[in-house]
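What follows is a set of notes on a single structure, which appears directly below.
Residue numbering restarts at 1 for every chain, and letters A, B, ... go by the order of the sequence lines.
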Amino acid sequence: MPHEFNRLEKERLARLERLREMGIEPYPNRAERTHTAAEAIRTLEQAEAQQAEEAPRVIVAGRLRARRVMGKITFAHIEDESGRIQLFFQANTLGKDALKQFNKLYDLGDFIQAEGFLFRTRTGEPTVHVESFRMLAKAITPLPPAKDEIVDGKVVRHAVLADSETRYRQRYADLAVNPEVRDIFRTRAKIVRALRDFLDDHGFLEVETPILQPIYGGAAARPFVTYHNQLKQQLYLRISFELYLKRLLVGMFEKVYEIGRDFRNEGISFKHNPEFTQLEFYWAYADYFKVMDFTEEMIAYVADRVLGTRKITWQGHEIDLSPPWKRIEMRQGLLEATGVDIAACPDAESLAAAMKAKGVEPKPNASRGKLIDQMVGDFLEPNFIQPTFLYDYPRDISPLAKARPGDPTTVERFEGFIGGMELCNAFTELNDPLDQEARFLEMGRTYAADDEERHPIDEDYLRAMRYGMPPNGGFGMGIDRLTMIFTDKRSIREVILFPHLRERGDGKDEDRAGEAAASE
RNA sequence: GGGCGCGUAGCGCAAUGGUAGAGCAGUGGCCUUUUAAGCCAUCGGUUGCAGGUUCGAGUCCUGUCGCGCCCA
């Protein structure tokens, strides 16, 4: 269905036609710019400092964001990625017709180019005295008309685009009018850059492993399923990188990492998006305690690089990202929080009974590990506001982690938490192929055939391990969540450029409800 | 999946069950240092969608779509 233009768009289309009639191409192929807005302002300041005789000349380009027409002069602001700069249009300089053209045929939101000399207005604002200007790209749809007012030195923004649905569905408009949203994604890019630099500096090799996988694994999650037509083969979008990265240790790489997208076909919430960005690394000859130390160091490094401080505020909490993080053994932590001693309960039945005795209602039909997970989620996780490692997890929910020597119910695994949210997950990796096979079979028995967290057995992974895999520590961390922590955002949708929303045409104005109802 | 809340003009918002409004944006005009410029005039609505109750529904009820928050 072709787009139906609204009243405001039709007005702009008419002006676009008018420009064409005047021989002006509203979407020219080439643009010119000598200075960004910020560079132009700096250039003026330098000229003033040097008491230059001639005013510096610039060509600036950007989106027209404000216009104040005052008879024979017009003030405007254009914005580029570096910021805003004021333009001064004067009938005496440009001629009456040119000024009228700018006032009547150019719209807020249009990309324009302007050439002239720099000066300061009466109020001291750096301004381009425009001698010529041209259209670079006409905007048909008006952007939300956010205006900034300075009150007591603070910027107060009016009528700013705030509807979260529109902001996420039309992120381009959100980014165009909300500069602080652009900053979130600059921060995100810096985080990823800092992580890469840290890992590279520590001798890790960045690799790329398959996103389309014949067998999914490495996490407890439901996959997206797809199909290769020519191979006539069902494929899955990966739910983790783990099994492929560890194959590389068999292949004699000792430190590898990957930053990329994982896909999990599960619920969407303020901390879950169906595709999310993950960092995983695997480190030969390391164990989970070494990985813990390394994690603290890495997060502190990223904080230093990205924020310039290790003390942050997240949702009103003062959080200190400096090492060392608090370390809590899971058994001890649960004993203190609930009075239940998981070490005294070797199976699900005894643990459920112990939980009931302490007034905690166990989830029905849950395994021992899932009951423990339940208690962690209810009694520990929300309290881990300061960076905290919780370590020594139950074996039956950790099929890829190595057991603790002398304690078959526990594996060497930790999770890191910040702001009451799980941030990372790591273990001393299981490298015994026979034990690994037994774990896979055990999982197959424990989970019902239709359980969404059931793992198919990856025979090729077992084959790789049989060739010999060095002892190693592995680590996975959600980049989206780390970005939430660093940017003080409560919702993962704020840190993902194009978060998934339920389908609804091109926008909230378009109604498909009627069509859907009619077709049923 | 369940509970609660929200959905009104391009944007941010009003409107006891009784004529759907003002601001910004837009349009026409005045204005040579403005900066949410100002002043005068003016255009703009399927109140998410579909039903229902009522003399009368943006408002109450049912269903539905979407978003948000809480829970699972």
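The residues A/R134 and A/E32 are annotated as not salt-bridged, no charged nitrogen and carboxylate oxygen being separated by less than 4.0 angstrom. Look at A/D107 and A/R15 and you find a salt bridge, because one of the NZ, NE, NH1 or NH2 atoms lies within 4.0 Å of a carboxylate O, short of that distance. Taking a cutoff of 4.0 Å between a charged side-chain nitrogen and a carboxylate oxygen, A/R84 and A/E79 qualify as a salt bridge.
For B/rU32, there is no paired base (Watson-Crick or G-U wobble, both distances below 3.5 Å). B/rU53: no Watson-Crick or G-U partner with both key distances under 3.5 Å is found in any strand. Here B/rG66 sits opposite B/rC6 as a Watson-Crick or G-U wobble pair (both hydrogen-bonding atom distances under 3.5 Å).
Within the 4.0 Å cut-off from OP1 or OP2 of B/rU34, not a single side-chain nitrogen or oxygen of A/R68 is found. Between A/R15 and the phosphate of B/rU27, there is a side-chain N or O to OP1/OP2 separation shorter than 4.0 Å. Note on A/R502: a side-chain N or O is less than 4.0 Å away from OP1 or OP2 of B/rC67. Between A/R169 and the phosphate of B/rC67, there is a side-chain N or O to OP1/OP2 separation shorter than 4.0 Å. One finds a side-chain N or O of A/K147 lying less than 4.0 angstrom from the OP1 or OP2 phosphate oxygen of B/rA37.
Contact annotation for A/E9: no contact, since no heavy-atom pair falls under 4.0 Å across all strands. Nucleic acid contact class of A/L143 (heavy atoms, under 4.0 Å, all strands): none. When heavy atoms are screened at a 4.0 angstrom cut-off, A/R120 is found touching no nucleic acid atom at all. Looking at heavy-atom distances under 4.0 Å, A/V69 makes contact with a base. Heavy atoms of A/A162 sit under 4.0 angstrom from primed sugar atoms or phosphate atoms, though from no base atom. No engagement by A/K10 is indicated, since no non-hydrogen atom pair under 4.0 Å with the nucleic acid exists. Residue A/T121 is classed as a base contact, given a heavy-atom separation below 4.0 Å to a base.
Contact record, A/R481 with A/K271: NH2-O, 3.2 Å, taken as the closest heavy-atom pair. Among all heavy-atom pairs drawn from A/T93 and A/V130, the shortest one is CG2-O, 3.8 Å.
Summarising the geometry, the separation between CZ on A/F119 and C1' on B/rU33 is reported as 7 Å, rounded to the nearest angstrom. Put simply, CG on A/D148 is 13 Å from C1' on B/rC24, counting in whole angstrom units. Residue A/F75 contributes atom CZ, which lies 7 Å from atom P of B/rU34 at whole-angstrom precision.
The side chain of A/L8 sits closest to B/rG10 out of B/rU32, B/rG10, B/rC67.
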What N/O pairs connect the protein and nucleotides 70-72 of chain B at under 3.5 Å? Give each pair on its own line.
residue	atom	partner	partner atom	Å
B/rC70	OP1	A/R490	NH2	2.3
B/rC70	OP2	A/R490	NH2	2.7

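Two rings, from A/F133 and A/F102, have their centers less than 6.0 Å apart.
Here the rule is side-chain hydrogen bond (donor to acceptor under 3.5 Å, both in side chains) with A/Y168, and of A/H500, A/R493, A/E494 only A/E494 fits it.
Applying the side-chain contact (heavy atoms from CB on, under 4.5 Å) rule to A/V69 yields the partners A/R67, A/T74, A/N103; only residues at least two apart in sequence or on another chain are considered.
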